[in-house]
Amino acid sequence: MAISLSVVLLLAIVLVVLMRGGSIKAGPAVVAVLFGFFLASTGMAPAINNFLNSVASSIAAIKF
C-alpha cells in the first residue's frame, strides 16, 4: 500500500511538472490519467503491481 501510494504521488508530481513546463498539455494529461485509471481496473493490474513491487524490492536490496 505504501509503495503504490508513493508511486502515485511521484507520478502525479511528474505529471504536474510536465504540464507546467509545457511538455504536455492538459488534454493529453487527462487522457493519461484516465488511461491509468481504466488500466487499474483490467486484468493486467495485478501483473503490473507485481512487477512494480519486484522492481521496488530490487532497488531496496541494493547496498551501497
Side-chain angles (χ1 to χ4, degrees):
M1 175 69 176
I3 291 175
S4 63
L5 185 61
S6 299
V7 172
V8 168
L9 183 62
L10 175 67
L11 291 175
I13 291 170
V14 169
L15 191 59
V16 168
V17 168
L18 287 173
M19 286 179 62
R20 297 209 23 112
S23 298
I24 189 169
K25 301 294 181 200
V30 170
V31 170
V33 169
L34 289 174
F35 174 74
F37 178 76
F38 287 114
L39 183 63
S41 65
T42 65
M44 287 186 63
I48 294 169
N49 195 13
N50 289 338
F51 171 73
L52 291 176
N53 284 335
S54 66
V55 169
S57 297
S58 298
I59 292 172
I62 296 174
K63 299 192 184 202
F64 295 103

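Treat the numbers as computed from the prediction; the structure is a model and nothing was measured.
A pairwise comparison of heavy atoms in Ala40 and Ala45 identifies O-CB, 3.2 Å as the closest pair. Between Ala29 and Met19, the shortest heavy-atom distance links the atoms CB-SD, 3.5 Å. The two residues Ile24 and Pro28 come nearest to each other via the heavy atoms CG1-CB, 3.8 Å. Of all non-hydrogen atoms in Pro46 and Thr42, the two that sit nearest each other are CD-O, 4.2 Å.
Once rounded to the nearest 0.5 Å, the distance linking CD1 of Ile59 with OG of Ser54 reads 9.5 Å. For the atom pair CG of Leu39 and CZ of Phe37, the computed distance is 11.5 Å after rounding to the nearest 0.5 Å.
Inter-residue side-chain proximity for Val33 and Val30 is flagged as unmet; no heavy-atom pair is nearer than 4.5 Å.
Using a 4.5 Å cut-off between side-chain heavy atoms of Ile, Leu, Val, Met, Phe, Trp and Tyr, with links allowed through other members, Leu11 and Leu34 fall into different hydrophobic clusters. There is a path of hydrophobic side-chain contacts, each under 4.5 Å, that joins Val55 to Met44.
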